[in-house]
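Numbering of ligands and ligand atoms starts at 1, following listing order. Residue numbers count from 1 along this sequence. This structure is a prediction, so every number in the text was calculated from the model and none was measured. In what follows, every heavy atom counts, from backbone to side chain, and hydrogens, waters and symmetry copies are set aside.
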Amino acid sequence: MSKLIVKKFGGTSVANPERIEAVADIVEQTINEGNRVTVVLSAMGNNTDELISLAKEINPEPDLREYDALLSTGEQVSVALFAMALLKRGIQGKSYTAYQLGIKTNSSHSRARILDVDVNKITKELGEGIVPVITGFQGMNEVGDITTLGRGGSDTTGVALAVALNADECQIYTDVDGVFTTDPRVYDKARLLKDVSFEEMLELSSMGAKVLQLRAVEYASKFNMPIRVLSSFNQSEGTLVQEEKNIMERPIVSGISSIDTEAKLTIRGVPDIPGVAAKILGPISDAGIDVDVIVQNIGADNTTDFTFTVDKSNFTKAEAILKETSSSLGGGAGRGR
Ligand code: ASP
Ligand code: MG
């Protein structure tokens, strides 16, 4: 049966002209099987990193409006080249920037959120046999400035377009075979998962699994859009990320991931009463520090241990705040790594 498929390809999948040709072959095959395809691309290879270094040579803390204007150029290169590769194959590829399509975001430069995607234009083109090739990772805010969606943000563009187009599938192509039980580069017995639920994927992504941007998983889960994560380097089936109830076979622990950019803080012997978490974390968030993981141990003697993690760069600040909270609560601050 003919399907409408959004295919998103990451940086390594389109790193050079040979890779662009290889990925154009994948798209051609899907079209020859009778499907309609919309393509979303990341910038070629490390292009985004290179643009960031350039910006930082001018100013270590560049103006974010200009930073987004600069970073968005990476994807503009890949979509134009990709459309050329499709045209060479006799397929009507047509490149679009998010700006041309009016992918609307809020104004949080460098980490903007998608608010609205108008797909009228590409729906019409899909009906005419055109293959839209769209820049991932970017949009425009209400005053028409270019925004970017945060590192890995092309995944979110792919999902948002799939949702707006009411696509049958959102396929996210990468350089690994799918989602593994843990990082296959760290543990050689890591197992490829056939299915994983949105919930489990959210946890894996928030714990450092980089295979999908966290926001993309949130977006897919909110709109119940299944995502298939697969490799553009081989023919493997990949991993289907979908709603829990559709998954037949359930492993108990489905994955483990790790982050080495986090610092852990523990406060011991705090009163085990409702509201204590807010007392501890309130001052931390007031200082603009994001808390990533929270663990509250089972209490004993009406006291408990409370552990949380923050980005390493915030450790000293968080520790100082925690010490103050600790003396007011009568707990003992412990430090971790
Ligand atoms: N090119 C952007 C990045 O490197 C977006 C993406 O790849 O998804 O973060
Ligand atoms: Mg990525």
Side-chain angles (χ1 to χ4, degrees), residues 6-16 19-20 23 38-56 62 64 66-82 95-99 101 103 105 108-114 117 133-140 146-162 170-180 183-185 196 201-202 204-220 227-233 238-239 241 257 259 261:
V6 172
K7 288 180 185 275
K8 179 262 166 177
F9 297 95
T12 46
S13 298
V14 293
N16 50 47
R19 289 297 315 154
I20 290 181
V23 170
T38 296
V39 177
V40 174
L41 298 182
S42 293
M44 293 169 73
N46 295 328
N47 187 247
T48 307
D49 293 325
E50 287 160 14
L51 293 170
I52 292 173
S53 317
L54 272 177
K56 295 202 162 158
L64 291 179
E66 304 314 328
Y67 176 88
D68 280 355
L70 178 70
L71 263 56
S72 69
T73 61
E75 276 73 11
Q76 199 169 340
V77 172
S78 53
V79 292
L81 289 172
F82 198 86
S95 70
Y96 283 105
T97 64
Y99 195 91
L101 293 179
I103 296 182
T105 71
S108 302
H109 281 292
S110 84
R111 54 191 162 84
R113 279 185 186 266
I114 294 181
V117 184
V133 184
I134 301 165
T135 54
F137 174 60
Q138 54 201 265
M140 59 187 274
I146 295 172
T147 54
T148 64
L149 310 181
R151 299 307 307 270
S154 300
D155 294 345
T156 304
T157 308
V159 173
L161 276 163
C170 180
Q171 301 176 341
I172 302 219
Y173 285 82
T174 177
D175 53 1
V176 293
D177 287 352
V179 181
F180 283 81
D183 190 341
R185 284 161 301 193
V196 66
M201 195 63 230
L202 277 172
L204 287 168
S205 291
S206 63
M207 292 303 294
K210 294 216 176 58
V211 67
L212 279 179
Q213 198 202 30
L214 178 60
R215 277 197 192 161
V217 186
E218 282 169 356
Y219 206 104
I227 307 177
R228 185 172 293 281
V229 180
L230 69 176
S231 170
S232 71
F233 291 78
T239 302
V241 187
S257 56
I259 345 180
T261 54

Atom 4 (O) of ligand 1 has as its nearest protein heavy atom R151 NH2, 2.9 Å
Inset, instruction - Report yes or no: does a heavy atom of A43 sit under 4.0 Å from some atom of ligand 1? - result: yes
Check: Any N or O on G152 sitting closer than 3.5 Å to an N or O of ligand 1?
Finding: yes
- Does any N or O in the side chain of T135 come within less than 3.5 Å of the main-chain N or O of A98, such that one atom is a donor and the other an acceptor? yes
Distance col, row F9:CZ vs Q171:CD, nearest 0.5 angstrom, shows 8.0 Å
- prompt: Does any N/O atom on K8 come nearer than 3.5 Å to any N/O atom on ligand 1?
  reply: no
Q: Consider ligand 1: state whether an atom of it lies below 4.0 angstrom from any non-hydrogen atom of G153.
A: yes
Exercise. Thinking salt bridges, do R151 and D49 make one under a 4.0 Å N-O criterion?
Worked result: yes
Item checked: S78 side chain to M44 backbone, donor-acceptor under 3.5 Å -> no
Under 4.0 Å from one or more heavy atoms of E75, ligand 1 contributes atoms 1 (N), 2 (C), 5 (C)
Short version for Q213: what comes under 4.0 Å of ligand 1, heavy atoms counted, is neither
* Within-cut-off N or O pair, T48 and ligand 1, under 3.5 Å -> yes
If you scan protein heavy atoms around atom 7 (O) of ligand 1, the nearest is S42 OG, 3.0 Å
Check whether any side-chain N or O of T147 sits under 3.5 Å from a backbone N or O of G139 as a donor-acceptor pair, and report yes or no.
-> yes
d(I146 CD1, D68 CG) to nearest 0.5 Å is 8.5 Å
inquiry  = Check whether Y219 forms a cation-pi arrangement with R113 (NZ or CZ under 6.0 Å from the six-membered ring centre, at most 45° off the ring normal).
reply    = no
